[in-house]
Amino acid sequence: MAQRTVLFVLFDAVQSLDVTGPLEVFMGAEQHAPGTYRIRTASLDGAPVRTSSGLTLVPDQALDDPLDAHTLVVPGGQGTRTPDPALVGWLREHGPRAERLVSVCTGAILLAAAGLLDGRRATTHWAYCDKLARDHPDVEVDPDPIYVRDGHVATSAGVTSGIDLALALVEEDLGREVALGIARHLVVFLRRPGNQAQFSAQLAAQTAQREPLRDVQRWITEHPDADLTVESLATRASLSPRHFARAFQTETGMTPGRYVDRVRLEHARRLLEDTSDGIEEISRASGYGTPEAMRRAFVRSLGVAPAEYRRRFRPAPAR
C-alpha cells in the first residue's frame with residue numbers, strides 16, 4: 001500500500017487534544033505498520049503556535065510548503081471563533097485537493113467558512129452546532145453523532161471523538177486488527193460507532209429542577225422495562241398527564257417519549273456490548289417487548305439491526 005501523508009493544520013488557540021489525539025492514532029498505525037503514514041504538522045507561516053491550554057506546538061513546516069496531503073486534518077479550538085481569513089483562504093484552495101478532508105470539533109467551522117461543507121451533512125461539538133447551522137445554512141448540521149462521513153469529508157464532535165474518527169479511518173485503511181491494537185495501546189474503546197450520540201440520555205437532557213420530575217428521570221433510567229407511558233409517569237410525579245408532559249419538556253428540554261426512547265436504546269446497546277444475553281431477552285429487559293420493536297428502534301436511530309450492532313461493536317474475547 002502506498003504511503004499516505006496525513007497533514008495536521010495548526011493555528012493559534014487550537015485545542016491541543018484535537019491535534020494530539022488523532023495524531024497519536026495515526027502515529028500508532030505507522031509504528032504498527034511502518035511506511036503506512038507520513039505524519040506532518042503545519043501552520044500558515046511555519047511558526048510555533050500556542051494552544052488554548054498554553055501548550056506550544058512546533059510545526060514541521062509552513063502550509064505553503066509543497067506537500068500533497070492524502071488526509072487533511074483540521075482541528076478545532078478557540079482559534080476557530082474568529083477564523084483567520086488567510087487560513088480560510090488556504091483551506092478553500094487546498095482542501096479540495098485532499099483525498100480525505102477531516103475536521104475535529106469546531107474545525108468544522110473552518111471547513112464551512114471555506115465552503116467545503118456546502119451541501120454536505122456534518123457535525124461539530126454540541127455547543128456549536130446551532131452556530132454552525134445558523135452561520136452556514138447550506139450545511140446540513142446533525143448535532144447528535146460523534147462523527148459523520150459524507151463522501152470524502154468527515155467531521156467529528158468534541159475532543160475525544162476525533163480519536164474515534166481517526167480509529168475508524170485507520171480501520172478503513174489497514175483493517176480492524178490494526179485499529180484494535182492501537183485502541184488497546186491508547187486504552188480507549190474501538191467500538192464507538194460514528195452515529196452514537198454525543199451524550200448519554202441522562203447527559204443529553206437537562207436535569208429537572210423539581211424533585212418529582214428528577215425522581216421520574218431516575219426511575220426511567222433504572223427501570224427501562226417498566227410501563228413508561230406519559231400516564232404512568234405522570235401518576236408517579238403526582239401530576240396530570242398534560243401538566244407532566246409540558247413540565248417535563250420545559251425542564252429537561254426533551255419530551256418524555258424522546259427521553260424514554262434514548263434510555264431504552266442506550267440500555268439495549270450496553271447489554272449488546274457487555275453481555276451474551278439473547279436478543280429477545282435484551283428486548284424485554286430494555287422495554288421494547290419484542291425483538292422486532294427493538295430492531296426498528298436500532299435501524300431508525302443507529303442504522304443497523306441489534307445483531308449487526310453486536311457483531312461490530314462488542315469487544316473480541318481476550319486471547
Side-chain angles (χ1 to χ4, degrees), residues 8-23 43-44 49-55 57 72-92 95 98 100-166 168-169 192-207 252-254 258 262 301:
F8 286 81
V9 176
L10 304 184
F11 49 88
D12 283 326
V14 69
Q15 162 65 256
S16 57
L17 279 176
D18 287 1
V19 178
T20 59
L23 190 149
S43 64
L44 272 173
V49 301
R50 189 173 178 83
T51 70
S52 56
S53 62
L55 182 70
L57 300 179
L72 182 62
V73 182
V74 183
Q78 295 177 8
T80 65
R81 295 179 184 175
T82 53
D84 184 335
L87 179 58
V88 172
W90 186 92
L91 289 171
R92 184 179 295 111
R100 279 196 308 224
L101 189 57
V102 176
S103 71
V104 182
C105 196
T106 54
I109 292 176
L110 297 178
L111 295 187
L116 299 173
L117 297 183
D118 288 353
R120 295 187 181 275
R121 179 169 165 260
T123 194
T124 187
H125 189 288
W126 62 269
Y128 293 90
C129 283
D130 286 345
K131 173 179 171 56
L132 181 60
R134 183 176 61 251
D135 294 347
H136 302 281
D138 290 335
V139 180
E140 181 188 345
V141 180
D142 190 340
D144 286 331
I146 59 174
Y147 61 82
V148 168
R149 301 285 299 276
D150 188 332
H152 75 290
V153 179
T155 54
S156 61
V159 191
T160 58
S161 61
I163 296 175
D164 295 299
L165 176 53
L169 296 176
R192 290 215 298 175
N195 50 11
Q196 186 178 74
Q198 292 194 32
F199 284 127
S200 67
Q202 293 89 336
L203 290 177
Q206 305 167 37
T207 300
T252 68
M254 191 178 293
R258 178 63 171 157
R262 288 199 172 195
S301 298

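The structure displayed is predicted, hence computed values, not measured ones.
- Counting heavy atoms from C-beta outward, Leu116 and Val153 have side chains that stay 4.5 Å or more apart.
- At a cut-off of 3.5 Å, with distance as the only test, no side-chain donor of Ser16 or Thr51 sits close to an acceptor on the other residue.
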With side-chain contact (heavy atoms from CB on, under 4.5 Å) as the test, would you mind laying out the steps for Val104 and Val73 before giving the verdict? CA-CA 7 Å; Val104 182; Val73 182; 4.2 Å; yes
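- With hydrogens and angles ignored, the 3.5 Å screen pairs no side-chain donor or acceptor of Asp12 with any backbone N or O of Val49.
- Using a 4.5 Å cut-off on side-chain heavy atoms (C-beta onward), Arg81 and Ile109 make no contact.
- The closest side-chain heavy-atom distance from Pro83 to Phe11 is not below 4.5 Å.
- The minimum heavy-atom distance between Ala154 and Arg149, with the atom names listed, is CB-CD, 3.5 Å.
- At distances below 3.5 Å, not a single donor-acceptor pair connects side-chain atoms of Ser156 with backbone N or O atoms of Val148.
- Annotation for Arg120: atom CZ counts as buried by contact number, over 12 foreign heavy atoms lying within 6.0 Å.
- Taken to the nearest 0.5 Å, the CG atom of Asp150 stands 8.0 Å off from the CZ atom of Arg121.
- Atom CG of Leu132 is separated from atom CG of Asp142 by 11.5 Å, given to the nearest 0.5 angstrom.
- Leu23 contributes atom CG, which lies 12.0 Å from atom CG of Leu17 (distance to the nearest 0.5 angstrom).
- The line from CG of Leu111 to NE2 of His136 is 10.0 Å long, rounded to the nearest 0.5 Å.
- Counting all heavy atoms, side chain and backbone alike, His152 lies closest to Ala98 at CD2-O, 3.7 Å.
- Residues Val9 and Leu72 have side chains in contact (heavy-atom distance under 4.5 Å, counting atoms from C-beta outward).
- Here Asp144 contributes atom CG and Thr123 contributes atom OG1; the two are 8.0 Å apart, rounded to the nearest 0.5 Å.
- Summarising the geometry of Ala122 relative to Thr155, their closest heavy-atom pair is CA-OG1, 3.3 Å, with the distance given to 0.1 Å.
- Between Ala114 and Leu91 the shortest heavy-atom distance is CB-CB, 4.0 Å.
- Across Asp18 and Gly76, no two heavy atoms sit closer than the pair OD2-N, 3.0 Å.
- Rounding to the nearest 0.5 angstrom, the gap separating the CH2 atom in Trp90 from the CG atom in Asp84 is 13.0 Å.
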Salt bridge (charged side-chain N to carboxylate O under 4.0 Å, His left out) between Asp130 and Arg134, worked out: CA-CA 6 Å; Asp130 286 345; Arg134 183 176 61 251; 6.0 Å; no
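- Of all non-hydrogen atoms in Pro22 and Gly162, the two that sit nearest each other are CG-O, 3.7 Å.
- Inter-residue side-chain proximity for Arg100 and Leu169 is flagged as met; some heavy-atom pair is nearer than 4.5 Å.
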